[in-house]
Amino acid sequence: MFLSHPNFMRQLGLASPISPINPHFFTHHRSTQLGTLRPRNQNHNISCFDPINSHEFSGETKLGFSQRKGSDFIVGSKSVLSVGEVLESDGSERHNRNVCYDAIVIGSGIGGLVAATQLAVKGARVLVLEKYVIPGGSSGFYQRDGYTFDVGSSVMFGFSDKGNLNLITQALEAVGCKMEVIPDPTTVHFHLPNNLSVRVHREYSEFITELISKFPQEKQGILKFYSECWKIFNALNSLELKSLEEPIYLFGQFFKKPLECLTLAYYLPQNAGDIARKFIKDPELLSFIDAECFIVSTVNALQTPMINASMVLCDRHFGGINYPVGGVGGIAKSLAKGLVDQGSEILYKANVTNIIIDDGKAVGVRLSDGREFFAKTIVSNATRWDTFGKLLKQEDLPKEEQNFQKLYVKAPSFLSIHMGVKAEVLPPDTDCHHFVLENEWTSLEKPHGSIFLSIPTILDTSLAPNGRHILHIFTTSSIEDWVGMSQGDYEAKKEHVADEIIGRLEKKLFPGLKSSIVFKEVGTPKTHRRYLARVNGTYGPMPRGTPKGLLGMPFNTTAIDGLYCVGDSCFPGQGVIAVAFSGVMCAHRVAADIGIEKNSPILDAALLRLLGWLRTMA
Ligand SMILES: NC(=O)c1ccc[n+]([C@@H]2O[C@H](COP(=O)([O-])OP(=O)(O)OC[C@H]3O[C@@H](n4cnc5c(N)ncnc54)[C@H](O)[C@@H]3O)[C@@H](O)[C@H]2O)c1
Ligand SMILES: CC(C)=CCC/C(C)=C/C=C/C(C)=C/C=C/C(C)=C/C=C/C=C(C)/C=C/C=C(C)/C=C/C=C(\C)CCC=C(C)C
């Protein structure tokens, strides 16, 4: 029912229940029968996913890929039956609790995929269970009428070939993949109140010169604030990044890089707005710093952890923002393929409804169709609210989760408009990414107050038909504004709000925009809730008040033995690079717990107690 719903099909990029996003993906699987199980036939020489000329799923015999139960797909190189299942002589499947994986990962967002691939390369047997039909979650893609749209933002941090913080590049490299990227000369072009226009150039000196030219009286303040960010970024960039919950690594880093670790420990409980106020007095410049933080945290600078702010305000100049050729969706596809190449598996259309607990330990999962899978550890890439509110049927929320929910609320979702427009509507030299807040600084955090706009076809023309550009417009929006109305009212409201937002962009940036539209599709928080399986369509946690920097953010372990969380409701929060780091940390902690990385139970217990205590100070 879910799959055949017309909106669902349209969101997926499927014209009808059987027509594919990517023809190669489905055609080959439909041709395979459950009964025609093929022997394992690995081919590790397959090159990485090429999202444009996509044939990566085309060789079902290459990857051991088969259709199951008429509609579900398991991708893996071992066999078409998963390890927890046994084929009976009558052809039926039964589940075998004795055969199990090292880890089951619920969800294939970038957080889940990085955790899974990192574990797989350490030698673990991993099964990823994804509710949707392709990997990536909010970093996925969909195709329509010759356009390839990124589901979420197109601004990719951590995708350079430099330093230690290029976590997307490293995650791909770990599984033998490399994607071609296009350097973005401008991270974002701000269009702000009082006609303040600032371009964040790739070159740090150009950006600083431009900002100082707008606020000459604050030259020293600007230099000091951004230098403080560099101090933190350089400290981060000097560390080997692994689990901060694993004492042998953590103490080892303190021993090897004491100054850098102490720098990070010092800034861990601090927020960017407080530090900016030490050096800057001009209220408009402080509002600009708010906008700088808002675009990556959906809150102002006073609520944005200084470590996170430094990470993004510097990486954009250090490694630069780089866009993957063929679209953001190629990252998840490459990781999923890399996972399979390592001998692990991914099962699509696998909706986990329960985490199975045995004697207080997470031991397996149950799907909506009744199938069960078992593993030594369970990693949830669903949000913490979904994990503890839906997948675990516990009466009492563990104390740690109560604390998390006391400190953090669900960040709003987005209204997103994906459009195809006639190319001539864009003036020459239009930047790829824009942030628009026209009149009042006070509207920054209000629903629909500010507008994000990405035009990825400025960088990669292959994403749209000839003579067309993609405009991906989004603005924060809450689910409360979209529920409790008839379907007709809902559709009318979507059209009305989208028209208003497009009108604002027409006035501010592109005269004639409305009449240049050749394709338009509008998604609301309900769309995000439905297709990303995220409660209220939220894009992660947002501090309820003023946080103590990152101190209150939970890491990956949970109060349930054997259960870990990964993704944006874990340290360090929202963002592809942030969830990639959460995946790296999670894989390291899980690997230590299952004995494939060094561990020390005594130090573990001491560190976990210390971290728990530190969080209570947040
Ligand atoms: N430019 C950018 O930085 C950018 C772009 C896109 C996304 N993002 C970020 O990515 C972050 C989210 O990444 P993430 O890895 O935490 O998660 P995600 O929401 O992207 O992916 C979670 C995946 O888990 C699946 N899932 C959830 N519940 C499930 C269940 N019960 N059974 C099976 N599958 C289930 C979903 O279908 C989804 O594919 C967001 O914070 C967003 O900021 C950032
Ligand atoms: C443990 C203890 C207690 C202590 C110790 C000390 C130490 C050693 C520490 C350490 C630490 C660390 C390592 C940390 C780390 C961190 C990190 C890595 C972080 C990161 C972060 C990131 C982020 C936040 C990101 C984000 C991003 C985003 C969100 C993005 C988005 C985008 C967008 C939306 C775009 C826009 C668009 C337009 C404008 C159009």
Side-chain angles (χ1 to χ4, degrees), residues 105-115 128-132 134-140 150-158 165 167 187-190 235-236 239 241-242 244-245 250 253-254 257 260-268 295-298 304-305 307-312 315 321 328 332 350-353 365 367-368 380-383 386-387 390-391 411 414 432-436 451-455 472-474 528 531-534 538-541 550-551 555 566-585 607 610-611 614:
V105 178
I106 306 167
S108 68
I110 297 296
L113 282 174
V114 171
V128 175
L129 297 169
E130 170 54 53
K131 184 175 174 180
Y132 201 34
I134 55 163
S138 54
S139 306
D150 295 333
V151 166
S153 150
S154 307
V155 178
M156 288 292 120
F157 295 89
L165 289 166
L167 297 175
T187 306
V188 54
H189 187 163
F190 284 101
L236 275 177
L239 299 187
L241 293 181
K242 288 175 98 175
L244 299 175
E245 288 188 288
L250 185 65
Q253 289 298 302
F254 265 98
K257 305 264 176 188
E260 289 80 354
C261 287
L262 288 172
T263 303
L264 292 171
Y266 174 72
Y267 285 103
L268 196 70
I295 63 167
V296 290
S297 64
T298 59
T304 303
I307 290 190
N308 284 2
S310 306
M311 173 65 213
V312 292
D315 184 52
I321 300 299
V328 167
N351 178 20
V352 175
T353 49
V365 297
L367 306 193
S368 53
S380 176
N381 187 205
T383 70
D386 288 295
T387 304
K390 288 191 190 145
L391 304 183
F414 288 100
C432 179
H433 305 289
H434 301 259
F435 181 78
V436 177
I451 306 173
F452 299 75
L453 164 67
S454 287
I455 315 167
H472 180 195
I473 305 161
F474 49 107
H528 289 90
Y531 300 113
L532 301 179
R534 302 177 66 93
T538 177
Y539 261 71
L550 275 171
L551 206 59
F555 291 107
V566 70
D568 60 16
S569 45
C570 301
F571 185 99
Q574 298 177 35
V576 167
I577 182 171
V579 299
F581 180 44
S582 140
V584 170
M585 291 204 298
L607 179 66
L610 174 71
L611 293 175
L614 276 175

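In this text the structure is predicted, and so the values were computed from the model without any measurement. Atoms within a ligand are numbered from 1 in the order they appear, just like the ligands themselves.
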>> Among Leu167, Val436, Asn308, Leu550, which one puts a heavy atom closest to atom 21 (C) of ligand 2?
In response: Asn308

> Where do Pro305 and Leu550 come nearest, in terms of heavy atoms and distance?
Replying inline: CB-CG, 3.6 Å

> What atoms of ligand 1 come closer than 4.0 angstrom to any heavy atom of Ser108?
Replying inline: 23 (C), 24 (O)

>> Among all protein heavy atoms in this structure, tell me which lies nearest to atom 26 (N) of ligand 1, with the distance rounded to 0.1 Å.
In response: Gly107 CA, 3.9 Å

> Can you tell which part of Val579 has a heavy atom less than 4.0 Å from ligand 1: side chain, backbone, both or neither?
Replying inline: side chain

>> Please list the nearest protein heavy atom to atom 27 (C) of ligand 2 with its residue and the distance rounded to 0.1 Å.
In response: Gly575 CA, 3.7 Å

> Which residue holds the protein heavy atom closest to atom 4 (C) of ligand 2, what is that atom called, and what is the gap in Å?
Replying inline: Leu268 CD2, 4.1 Å

> For ligand 2, is any non-hydrogen atom under 4.0 Å from His434's backbone (N, CA, C, O), its side chain (CB onward), both, or neither?
Replying inline: backbone

>> Students should be able to answer this: which protein heavy-atom is nearest to atom 25 (C) of ligand 2, and at what distance?
In response: Val312 CG1, 3.4 Å

> In ligand 1, which numbered atoms sit nearer than 4.0 Å to a non-hydrogen atom of Gly111?
Replying inline: 15 (O)

> Are the side chain of Glu130 and the backbone of Pro135 linked by a donor-acceptor contact shorter than 3.5 Å?
Replying inline: no

> Can you tell me which residue and heavy atom of the protein come closest to atom 34 (C) of ligand 2, and the distance to 0.1 Å?
Replying inline: Ile295 O, 3.2 Å

>> Quick check on contacts: which atoms of ligand 1 are under 4.0 angstrom from a heavy atom of Ser139?
In response: 6 (C), 7 (C)

> Quick one: nearest non-hydrogen protein atom to atom 21 (O) of ligand 1, plus distance?
Replying inline: Gly109 CA, 3.1 Å

>> Check this for me - ligand 1, Gly575, N or O atoms closer than 3.5 angstrom, yes or no?
In response: yes

> If you count the atoms of ligand 1 from 1 in the order shown, which ones are under 4.0 Å from a heavy atom of Gly136?
Replying inline: 20 (O)

> Looking only at protein heavy atoms, which one is nearest to atom 7 (C) of ligand 2, and how far off is it?
Replying inline: Leu264 CB, 3.9 Å

> Nearest to atom 14 (C) of ligand 2 by heavy atom, Leu236, Thr187, Val296: which?
Replying inline: Leu236

> What's the shortest distance from atom 11 (C) of ligand 2 to any protein heavy atom, and which residue and atom give it?
Replying inline: Leu244 CD1, 3.8 Å

> What protein heavy atom is closest to atom 1 (N) of ligand 1, reported as residue, atom name and distance in Å?
Replying inline: Val155 O, 2.6 Å

>> Quick check on His472 - does any of its heavy atoms sit under 4.0 Å from an atom of ligand 2?
In response: no

> Rounded to the nearest 0.5 Å, how far does OH of Tyr539 lie from OG of Ser297?
Replying inline: 15.5 Å

> Any luck finding a side-chain donor-acceptor pair between Ser454 and His472 under 3.5 Å?
Replying inline: no

> So, does Met311 sit close enough to ligand 2 that a heavy atom of it is under 4.0 Å from the ligand?
Replying inline: yes

> How long is the span from the SG atom in Cys570 to the CZ atom in Phe581, to the nearest 0.5 Å?
Replying inline: 11.5 Å

> Measuring from Leu250:CG to Lys242:NZ, what's the distance to the nearest 0.5 Å?
Replying inline: 12.0 Å

>> Please determine whether any non-hydrogen atom of Asp386 lies less than 4.0 Å from an atom of ligand 1.
In response: no

> Which residue and non-hydrogen atom of the protein lie closest to atom 25 (C) of ligand 1, and at what distance in Å?
Replying inline: Glu130 OE1, 3.3 Å

>> As an exercise, identify every atom of ligand 1 less than 4.0 angstrom from a heavy atom of Ala382.
In response: 28 (N)

> So how far is it from Ser310 OG to Leu236 CG, rounded to the nearest 0.5 Å?
Replying inline: 7.5 Å

> Centres of the Phe452 and His433 rings: under 6.0 Å?
Replying inline: no

> Looking at atom 36 (C) of ligand 2, what's its closest protein heavy atom, distance included?
Replying inline: Phe452 CD2, 3.7 Å

> How does Phe157 reach ligand 1, by side chain, by backbone, by both or by neither, if only non-hydrogen atoms under 4.0 Å count?
Replying inline: neither

> Does Ser454 come within less than 4.0 Å of ligand 2, judged by its heavy atoms?
Replying inline: yes

> What protein heavy atom sits nearest atom 6 (C) of ligand 1, and how far away is it?
Replying inline: Ser138 O, 3.3 Å

>> Below 4.0 Å from ligand 1: does a non-hydrogen atom of Gly583 turn up there or not?
In response: no

>> Can you tell me which residue among Leu244, Ile307, Asn308, Leu611 is in a side-chain contact (heavy atoms from CB on, under 4.5 Å) with Phe571?
In response: Leu244

>> On a heavy-atom basis, I'd like to know which of Ala411, Gly540, Ser153 is closest to atom 35 (C) of ligand 2.
In response: Ser153

> Quick one: nearest non-hydrogen protein atom to atom 26 (C) of ligand 2, plus distance?
Replying inline: Gln574 O, 3.2 Å

> Which of the atoms of ligand 1 are close to Gly137, meaning less than 4.0 Å from one of its heavy atoms?
Replying inline: 20 (O), 21 (O), 38 (C), 39 (O)

> Sub-3.5 Å donor-acceptor pair from the side chain of Ser582 to the main-chain atoms of Gly567, do we have one?
Replying inline: yes

> Are the side chain of Asp568 and the backbone N or O of Val579 linked by a donor-acceptor pair below 3.5 Å?
Replying inline: no

>> Between ligand 1 and Lys131, is the shortest N or O to N or O distance under 3.5 Å?
In response: yes

> So which protein heavy atom does atom 40 (C) of ligand 1 come closest to, and at what separation?
Replying inline: Asp568 OD2, 3.1 Å

> Which of the atoms in ligand 1, numbered in the order shown and given with their element, are less than 4.0 Å from a heavy-atom of Leu129?
Replying inline: 33 (C), 34 (N)

> Considering residues, nucleotides and ligands other than Tyr266, do more than 12 of their heavy atoms fall under 6.0 Å from its OH?
Replying inline: no

>> Give me the residue, atom name and distance of the protein heavy atom closest to atom 8 (N) of ligand 1.
In response: Val576 CG2, 3.6 Å

> Considering all heavy atoms of both residues, which atom of Ala350 and which atom of Leu367 are nearest to each other, and what is their separation?
Replying inline: CB-CD1, 3.8 Å

> Just heavy atoms, cut-off under 4.0 Å: does Lys390 contact ligand 1 by side chain, backbone, both, or neither?
Replying inline: neither

>> If you measure every N or O of Val352 against every N or O of ligand 1, does any of those distances drop under 3.5 Å?
In response: yes

>> Within ligand 1, which atoms have a heavy atom of Met156 less than 4.0 Å away?
In response: 1 (N), 2 (C), 5 (C)

> At a non-hydrogen distance cut-off of under 4.0 Å, which region of Leu614 contacts ligand 2 (side chain, backbone, both, or neither)?
Replying inline: side chain

>> With the threshold set at under 4.0 angstrom, would you say Ala350 reaches ligand 1 through any of its heavy atoms?
In response: yes

> For atom 22 (C) of ligand 1, what's the nearest protein heavy atom and its distance?
Replying inline: Asn381 OD1, 3.5 Å

> If you round to the nearest 0.5 Å, how far is CG of Leu113 from CG of Asn381?
Replying inline: 7.5 Å

> Could you give the distance from OG1 (Thr263) to NZ (Lys257), rounded to the nearest 0.5 Å?
Replying inline: 12.0 Å

>> Testing the basics here: between Thr387 and Ala382, what is the closest heavy-atom pair and its distance to 0.1 Å?
In response: OG1-O, 3.4 Å

>> Tell me which one of Ile321, Ile295, Val296 satisfies side-chain contact (heavy atoms from CB on, under 4.5 Å) with Val188.
In response: Ile295

>> Pairs of nitrogen or oxygen atoms closer than 3.5 Å, one from Tyr531 and one from ligand 1: do any exist?
In response: no

